[in-house]
Amino acid sequence: MTSDGPQIPEQTANQQDPGRMPPRVRIAPSPTGDPHVGTAYIGLFNYVFARKHGGTFILRIEDTDRVRSSLSSEQAIISALQWLGLTWDEGPDVGGPHAPYRQSERLDLYKRQAQVLLDKGAAYRCFCTKARLDELREQQRASKAAHYGYDRHCRELDPAQSQARAEAGETHVVRMKMPTVGETVVVDGLRGSIHRANAESDDQVIVKSDGFPTYHLANVVDDHDMGITHVIRGEEWISSTPKHVVLYEMFGWEPPRWYHIGLLRNPDKSKLSKRKNPVSIDYYRDLGYLPETLLNFLGTLGFSFGDDKERFSVAEMTEVFDWSKVSTGGPVFDQAKLAAFNADDIRALSIDELHARVMATVLSEDRIKAMLTVAQQRIDLLDDLIPYVSFFFGGSVDLAPVLPKFRIKKRSRADVTGILERYLEDIELDARARGFTGEGLEAFSREFCERHQWKARELFTLLRLAVTGRTASPGLFETLQICGKDRVRRRIREVIAVLRAGEDW
RNA sequence: GGCCCUGUGGUCUAGCGGUUAGGACGGCGGCCUCUCACGCCGCAAUCCCGGGUUCAAGUCCCGGCAGGGUCACCA
C-alpha cells in the first residue's frame, strides 16, 4: 500500500534531526462551512515546516461527515487557501501519487482496513442504539460518573454472531477495542511526552452505521497510506491522540511525529468561534486585509521570529523556522493588532501597487458592474455614483440615524433582536442562503418569514436598515449579494449588539 | 466531574539562575501640522499564588489556583 511511499526512519527523527527523508505533512480541513482562519493558522505551520525541509505539503479533504460536508465548502476552502498563497503539492485539485485526496472517494480503503482490525479482534461491531447511548450518557452525567465514555456493552459479543447479525442487515457501528490496562504515551514534538491511562479512553467508533469511517480511522489510515511523517494539528486533538497511537499499534504501523499547536482564542480566551470573532478567511479577504499580512499576523501567534522582529514574510519565516520558536499557549486573535499590521502594509505599498490591489478587490470590474446595475436607475449624475453605493464598502455602517426605525409596531425589542439572531444562524443552515446569491437569499428569506410568522415587510425593513444604514436602498437581496456574506453578517451582528444594549421600547 | 494541555503588562511575545524583565498592538501624553491621518518622541502597565533548591529564581522542583481542550455514529 505504501510501497511507493518513503519509509520513515522514525528512530532518528528527533528534534535535532527531522529525519533524513524530506517530511510529508498535510492539512485536513472538513468542508462543512466557511474556510476557517484556524485552518490557515495550522496550514501555515505545516506549509512552513514542509518548505523548510524540502518536504511535501498536502491538502486532504476530510468529508466523511456525509450530512454536513459540501462541495461548495470544499471549493471555498481551496480558493481561500489559494488566496493566502499556501500552495500545496498534492491535493484534490492537483492530484498526486496518493490520489484521491478526498476521503469520500477512499471508502474502499477504510472498509478494508476496518475489516483487518475486525479480523484481528482489535475492533468489534456494536449494535447499541442511539437511544441507549443517549441514556447512558445521561445517566453518567446525572450520577457524576468519573468516566463518561461508552460502556463497552458490545465488546464481548461473539464475532461470528456479530458478523451474522451484520450480514442480516442489522445496523451497527464498528468500535476499536481499546486496551483497558496500561498507558499510552504520545510523544509530542512541542510538549514532550504525554501519558494517558488506557482506561481513560473509551472504545471509539471507527466506522459509522452509514459505512463511512470516523475521523479517527480515516485520519490514521490516510496518514499512513500517504506517508505522512509529521502531524501538525490543533491542540484540540491531544485527548484523542492516544487512541490514534493505539490504532497505529493495532495496524502495526509506524506512527508519525505529533505536534499540537495551541488553539486560536476569542478575546475571552475560549476557543475561537464565529459567534465571538470573525473566523472566516473570506471575511478578511472581502473586507480588504492583505493575504500576506494575515499570514504574517498568524505567524506572530505562537511563533516568534527572534530579534524582536514581528513583521516578516512567509519566506522569511520559513528560513528561520524551528520548533523551539513555537510556543504552546493558545493565543488570542487580536483584531486590533491585525488591523494595525494591515494599515502598515498598506502604507508600505507604492501607489501603483496599492492601485492594483484595490482594483483587484473592492473595485473589481465585476463588483463595480454589479453596483452600476443597481445604481443606474437611481442616480441622475455620474458623480452621484460613489455616494450612492457607499454602503457597499467598509465594515460598519453608521446606525445612529436609523436606530429609531428598528422599532416595529407590535414587536418588542427582544422580538426584533431575536429574529435577527435567528436569521443570522439560519443562513448557515440553508444551502440556498449559504450561496449568498440574490435569488437564493430571497427564497430563503421569504420562507424564513413564514416559518417565524413575520411579515416580509417587517423583516426586510430590519435587514435593509441593518445592512445599509438607510431606509431606502436597491432591492434588498441584490444589495445583500453585492455587500457579500461577511459584510452582511458583521453588520447584522453589530445591530444585534446595539439593540441588545438598549432599553426596551 | 474525569483526563489532558497551558500560565511574563489588557493582548501577542522575548527571556532559558545574576537583566533597570526587551519588542509589538492597544491606552495615555506630547511633537509635527491649515484640519485629520501618517510620522516621530515619551509615559503608565507584567513574571498566577505558596512552599522549597540555591549566595541568587520569571527561569529548577513540589503543591495549589486559574484558563483552555476533550469526554459524539463532528472533524
Side-chain angles (χ1 to χ4, degrees), chain A residues 28-33 36 38-39 61-69 103 126 128-130 133-134 136-137 140-150 171-175 183-184 186 188 190-202 204-219 233-243 260-272 296-311 324-344 346-348:
Chain A
S30 179
T32 51
H36 199 281
T39 303
I61 298 296
E62 307 236 341
D63 57 350
T64 55
D65 184 336
R66 259 171 146 170
V67 299
R68 294 198 304 155
S69 296
Q103 291 188 325
C126 168
C128 289
T129 60
K130 179 97 168 56
L133 296 176
D134 287 346
L136 176 67
R137 213 167 292 130
Q140 288 172 338
R141 214 160 292 257
S143 64
K144 299 193 161 134
H147 302 100
Y148 283 10
Y150 177 59
T171 63
H172 64 281
V173 300
V174 178
R175 290 179 184 272
E183 68 167 18
T184 297
V186 175
D188 186 291
L190 232 32
R191 299 161 195 262
S193 295
I194 299 169
H195 298 252
R196 194 147 187 262
N198 289 332
E200 294 291 336
S201 304
D202 68 353
Q204 186 66 49
V205 171
I206 57 175
V207 179
K208 310 178 209 178
S209 56
D210 64 4
F212 272 57
T214 59
Y215 171 86
H216 307 279
L217 208 223
N219 155 74
R233 58 178 13 169
E235 187 185 7
E236 58 199 321
W237 292 109
I238 290 179
S239 55
S240 50
T241 307
K243 290 173 182 172
H260 289 97
I261 309 271
L263 253 28
L264 260 22
R265 313 278 189 98
N266 295 311
D268 68 0
K269 306 274 191 175
S270 56
K271 174 171 154 179
L272 198 66
N296 178 189
F297 174 67
L298 254 14
T300 63
L301 305 180
F303 169 81
S304 54
F305 193 91
D307 300 326
D308 288 336
K309 183 178 162 102
E310 58 178 12
R311 301 313 317 273
S324 67
K325 292 170 182 275
V326 179
S327 56
T328 46
V332 169
F333 191 102
D334 183 1
Q335 293 288 333
K337 189 161 182 174
L338 203 213
F341 274 20
N342 205 64
D344 272 351
I346 283 177
R347 276 166 207 124

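Below, chain A is the first sequence line, B the second, and so on; all start at residue 1.
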Completion exercise
Closest non-hydrogen atoms of A/Ser201 and A/Arg196, given as atom of the first, atom of the second and distance, are OG-NH1, 3.0 Å
Problem - C1' gap between B/A56 and B/G23, integer Å - result: 27 Å
Handout entry: Nearest-neighbour nucleotide for the A/Glu235 side chain, B/C74, B/A24, B/C5 considered
Key = B/C5
Practice task
Provide the distance between the two P atoms, one in B/U19 and one in B/U59, to the nearest whole Å.
Solution key: 13 Å
Exercise for the section: Check the angle between the aromatic planes of A/Trp237 and A/His216 and answer parallel, tilted or perpendicular using the 30° and 60° thresholds. Expected result: perpendicular
Exercise for the section: Determine the minimum heavy-atom distance between A/Phe297 and A/Asp334, stating which atoms define it. Expected result: CZ-O, 3.5 Å
Practice task
Have a look at A/Thr32 and say if it touches a base, only the backbone sugar-phosphate, or nothing, with a 4.0 Å heavy-atom cut-off.
Solution key: nothing
Exercise for the section: Rounded off to whole Å, could you give me the CG-to-C1' distance for the A/Asp307 and B/A24 pair? Expected result: 14 Å
Exercise for the section: Look at all strands and tell whether A/Arg137 reaches a base, only sugar-phosphate, or nothing, counting heavy atoms closer than 4.0 Å. Expected result: sugar-phosphate
Practice task
With heavy atoms under 4.0 Å as the rule, sort A/Gly302 into base, sugar-phosphate or nothing.
Solution key: sugar-phosphate
Exercise for the section: State whether the distance check finds a donor on one side and an acceptor on the other, under 3.5 Å, for side chain A/Arg191 versus base B/C5. Expected result: no
Practice task
For B/A57 versus B/C4, give the span between their C1' atoms, rounded off to a whole number of Å.
Solution key: 28 Å
Problem - Gap between atom CG of A/Asn296 and atom CZ of A/Phe303 - 0.5 Å precision - result: 10.5 Å
Practice task
Return the nearest nucleotide to the side chain of A/Asp308; candidates are B/C25, B/U13, B/G22.
Solution key: B/G22
Problem - Minimum-distance nucleotide to A/Arg196 side chain [options: B/A75, B/G68, B/C3] - result: B/C3
Exercise for the section: Just call it for A/Arg347: base, sugar-phosphate, or nothing, with non-hydrogen atoms closer than 4.0 Å on any strand. Expected result: sugar-phosphate
Exercise for the section: Tell me which nucleotide among B/G23, B/C5, B/G69 gets nearest to the side chain of A/Ser239. Expected result: B/G69
Practice task
Would you kindly give the CG-to-C1' distance between A/Leu263 and B/A75, to the nearest whole Å?
Solution key: 13 Å
Exercise for the section: Answer yes or no: does atom CG of A/Asp307 have more than 12 heavy-atom neighbours from other residues, nucleotides or ligands under 6.0 Å? Expected result: no
Practice task
Write down the partner of B/C74 under the Watson-Crick or G-U wobble criteria, each distance required to be under 3.5 Å.
Solution key: none
Practice task
Please state the C1' separation for the pair B/G29 and B/C55 - nearest whole angstrom.
Solution key: 43 Å
Practice task
Find which nucleotide of RNA chain B each of A/Lys144 and A/Glu310 is nearest to by heavy atoms, and output the residue with the more 5' nucleotide.
Solution key: A/Lys144
Exercise for the section: For A/Ser209, answer base if it contacts any base atom (sugar-phosphate contacts may also be present), sugar-phosphate if it contacts only those atoms, and nothing otherwise; contact means non-hydrogen atoms under 4.0 Å. Expected result: base
Completion exercise
On a heavy-atom basis, the closest approach of A/Thr64 and A/Phe212 is O-CD2, 3.5 Å
Problem - Phosphate OP1/OP2 of B/U13: any A/Ser327 side-chain N/O under 4.0 Å - result: yes
Exercise for the section: Using the C1' atom on both, measure B/A21 against B/U13 and round to a whole Å. Expected result: 13 Å
Problem - Pairing partner of B/C34 (Watson-Crick or G-U wobble, both distances under 3.5 Å) - result: none
Practice task
Measure from the side-chain heavy atoms of A/Lys208 and tell me the nearest of B/U13, B/A75, B/U6.
Solution key: B/A75
Handout entry: Pairwise P distance for B/G15 and B/C60, with rounding to whole Å
Key = 12 Å
Exercise for the section: For the side chain of A/Thr214, starting at C-beta, report the closest nucleotide among B/C73, B/U6, B/C12. Expected result: B/C73
Practice task
Can you tell me the distance, in whole Å, between the CG atom of A/Leu301 and the P atom of B/U6?
Solution key: 18 Å
Practice task
For A/Ser240, report the nucleic acid contact type (base, sugar-phosphate, nothing); a contact means any heavy atom under 4.0 Å.
Solution key: nothing
Practice task
Find the distance A/Phe297:CZ to B/G26:C1' and express it as a whole number of Å.
Solution key: 12 Å
Practice task
Side chain of A/Trp237 only, please: which of B/G69, B/A75, B/C73 is the nearest?
Solution key: B/A75
Fill in the blank from the handout: When rounded to whole Å, the CD to P distance for the pair A/Gln204 and B/A72 reads 8 Å
Fill in the blank from the handout: Tightest non-hydrogen contact, residues A/Arg175 and A/Cys126, listed as NE-SG, 3.3 Å
Exercise for the section: Measure from CG on A/Asn342 to P on B/A24 and round the result to the nearest Å. Expected result: 19 Å
Completion exercise
Regarding the side chain of A/Ser304, the nearest nucleotide among B/U70, B/A14, B/A75 is B/A14
Practice task
Check every strand shown and say whether A/His260 touches a base, only sugar-phosphate, or nothing at a heavy-atom separation below 4.0 Å.
Solution key: nothing
Practice task
May I ask which nucleotide in the shown strands pairs with B/G67, Watson-Crick or G-U wobble, both distances under 3.5 Å?
Solution key: B/C5
Handout entry: Gap between atoms CG and P, on A/Asn198 and B/C3 respectively (whole Å)
Key = 15 Å
Practice task
Tell me whether A/Tyr148 is stacked on the nucleobase of B/G2, counting only the six-membered base ring and applying the 5.5 Å and 30° thresholds.
Solution key: no
Exercise for the section: Under 4.0 Å between any heavy atoms, over every strand shown, what does A/Asp344 touch: base, sugar-phosphate, or nothing? Just pick one. Expected result: sugar-phosphate
Problem - Base-pairing mate for B/G17 - Watson-Crick or G-U, with both contacts under 3.5 Å - result: none
Practice task
Write down the atom of A/Gly302, the atom of A/Pro331, and the distance for their closest heavy-atom approach.
Solution key: N-CG, 4.4 Å
Problem - Partner nucleotide, any strand, of B/G42 [Watson-Crick/G-U, under 3.5 Å] - result: B/C28
Practice task
Return the 5'-most residue of the pair A/Lys271, A/Val207 with respect to RNA chain B, ranking by each residue's nearest nucleotide.
Solution key: A/Lys271
Handout entry: Separation of B/C74 P from A/Ile61 CD1 (nearest whole Å)
Key = 18 Å
Handout entry: Selected nucleotide, minimal atom distance to A/Glu200 side chain, candidates B/C74, B/G23, B/C3
Key = B/C3
Exercise for the section: Give A/Val205 one of three labels, base, sugar-phosphate or nothing, depending on what nucleic acid heavy atoms sit under 4.0 Å from its own. Expected result: sugar-phosphate
Problem - Pairwise C1' distance for B/C48 and B/G58, with rounding to whole Å - result: 12 Å
Handout entry: Pairwise C1' distance for B/G27 and B/U46, with rounding to whole Å
Key = 15 Å
Fill in the blank from the handout: Result for side chain to side chain donor-acceptor pair (under 3.5 Å) between A/His260 and one of A/Arg233, A/Arg191, A/Glu235, A/Glu236 points to A/Arg233
Practice task
Look at A/Lys325 and B/U13 and indicate whether a side-chain polar atom (N or O) is within less than 4.0 Å of OP1 or OP2.
Solution key: no
